[in-house]
2 protein chains.
Amino acid sequence: MLVCYLCCMARIKTDSHTSRREVIIAKAALLFREKGFKAASMRDLAESVGVEAASLYNHIKSKTELLHELCFGVANRFMQKIEEVEQEKIPAAEKIEKILRFHIHEMIHHYEEVYVSDREWKHLLDPYLSNFQNQRRIYRKRLAAIIEAGIRAGEIEPIDAPTAVLILLHAVSGIESWHRSRHKISAEELENNMITILVGGLRPRK
Amino acid sequence: MLVCYLCCMARIKTDSHTSRREVIIAKAALLFREKGFKAASMRDLAESVGVEAASLYNHIKSKTELLHELCFGVANRFMQKIEEVEQEKIPAAEKIEKILRFHIHEMIHHYEEVYVSDREWKHLLDPYLSNFQNQRRIYRKRLAAIIEAGIRAGEIEPIDAPTAVLILLHAVSGIESWHRSRHKISAEELENNMITILVGGLRPRK
DNA sequence: AAATATGCCTAACGTATGTTAGTTTGTTAT
DNA sequence: ATAACAAACTAACATACGTTAGGCATATTT
């Protein structure tokens, strides 16, 4: 597609702090999120960047590489955060809340990447695929461990920790519906509502 | 009936209660779930059914039709259930629990279809797509209405109902992780754990 | 046994996709 | 101004996909 206003070649717009590669990756996140990895074509991506499909390959190696970049970018951020929180000297219940708030925040403010990492990692290819799955498994085990510590300390209701992890993580990913919905409540309201419900539960306290 | 095991054409196996069409749809659910709709090819599906790709078209109209069938099959079951529960003369909190248990049960025992309906409906085409989205929106509104009734009756903690709906529905879809996990707890345990956590919350009652 | 209908096969079409090769244009440094 | 580099272009390839057409094989009905 030609976006040439008078005579010349298209160029990917960047400011000095974002490389063209990063622009492409960001656009890819958007596209993968709204169409899914398989359904989003390199020609689609090229168009949304304002360039011909072949030109993308001056900046990236392959379509799959874009997925790597997105998935591991997100995974690393979460891994770093949980390590940070683990080492703080605060009650387990507070650790959970901190991690939960981080998840919510990421899901709200880095929606595209987080969503893609969450739903499209299946399409990674095998050295990366098993790597990613491993990281995911480890992350969940760590989260479960914190919950179990909280239960032992009497700060958390005695429940099945792996089930709790599963509920927490997936509940947060429900923010997708918030993004899609037309009349949104504010991001802060959403965050606080989610924390209230997830930590407090539905049943009224007497 | 003659079944020739040495020299003749493949045939889709059925018992008298399942049509070949239904066999194909069931296999499609499995395939769409594990690869995603776009990544699953008709040739994949044909192989898993034990037949050539072209032969499928004696029983179905198109690939998309398979998705229709799955998505609306699931959607209708949920719609029917919520209508049924709405009309019962029981407290709102019990209605919510009933619906929640239905969701959990469906997600456990009709995993493939429910999962596909939940994650792949984006690939429906437009008369069906908007129809599906509408049904979904309506369903969630109804669920929120029940929760709000429960709040007014003092049976449920005063929280933001749409947020609660979003959390409940997505939390249930976390059962996906249970299906994928190697050492599963039993289905009954899972169901009860989920109800406990979702209805009761994490914070201990004093 | 013959006739009809159903189900499957092979072959192929048209289209879309990811990617490569080679060339031209634009920018930066000498 | 010119050389060197980066980034865009055009053209094309190979492959995979959904789907159709037409013929043979099997099952069912007469």
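These figures come from a predicted structure and were not determined experimentally. Labels below follow one simple rule: chain letters A, B, ... track the order of the sequence lines, proteins then strands, and each chain is numbered from 1.
- In this structure, the CD1 atom of A:I24 is 15 Å from the C1' atom of C:dG18, given to the nearest Å.
- Within the structure, ring pair (Phe, Tyr, Trp, His ring centres under 6.0 Å) contacts touching residues 40-66 of chain A (residues at least two apart or in different chains) do not occur.
- Nucleotide D:dA11 holds its C1' atom 16 Å from the OH atom of A:Y57, rounded to whole Å.
- Among residues two or more places apart in sequence or in another chain, the side chain to side chain contact (heavy atoms under 4.5 Å, CB included) test is passed with A:D44 by A:L31, A:K35, A:S41.
- Atom-to-atom, CZ of A:R20 to C1' of D:dA8 comes out at 10 Å; the value is rounded to the nearest Å.
- Residues satisfying the side chain to side chain contact (heavy atoms under 4.5 Å, CB included) criterion with B:Q135, sequence neighbours excluded, are B:F72, B:A75, B:N76, B:M79, B:N131.
- In this structure, the CD atom of B:E52 is 16 Å from the C1' atom of D:dG22, given to the nearest Å.
- Remark: P of C:dC9 and CG of B:L56 are 9 Å apart, rounded to the nearest angstrom.
- Heavy-atom distances under 4.0 Å link DNA chain C to A:S62, A:K63 of residues 59-68 of chain A, given in residue order.
- Between the side chain of A:N58 and the base of D:dA8 there is at least one donor-acceptor pair of N/O atoms closer than 3.5 Å.
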Listing, residues 46-54 of chain B side-chain donor-acceptor contacts under 3.5 Å, not counting sequence neighbours, or none:
unit_1	atom_1	unit_2	atom_2	d
B:S48	OG	B:L45	O	3.2

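- The side chain to side chain contact (heavy atoms under 4.5 Å, CB included) test applied to B:H105 returns B:H109, not counting sequence neighbours.
- Non-hydrogen atoms lying under 4.0 Å from DNA chain C are contributed by B:R43, all within residues 35-45 of chain B.
- Between B:S55 and C:dG7, a side-chain N or O to OP1/OP2 separation shorter than 4.0 Å is absent.
- Across every non-hydrogen atom of B:I147 and B:A161, the tightest pair is CG2-CB, 4.0 Å.
- For A:A54, whose side chain is taken as the heavy atoms from C-beta onward, the closest listed nucleotide among D:dA8, D:dA11, C:dC8 is D:dA11.
- Distance A:E47 CD to C:dG18 P: 14 Å, rounded to the nearest Å.
- Not counting sequence neighbours, the partners of B:F32 by the ring pair (Phe, Tyr, Trp, His ring centres under 6.0 Å) test are B:F37.
- Qualifying side chain to side chain contact (heavy atoms under 4.5 Å, CB included) partners for B:E176, counting only residues two or more places apart in sequence or in other chains: A:H170, B:M107, B:Y111, B:Y115, B:R119, B:R180.
- The existence of a salt bridge linking A:R142 and A:E83 is confirmed by a sub-4.0 Å separation between a basic side-chain nitrogen and an acidic carboxylate oxygen.
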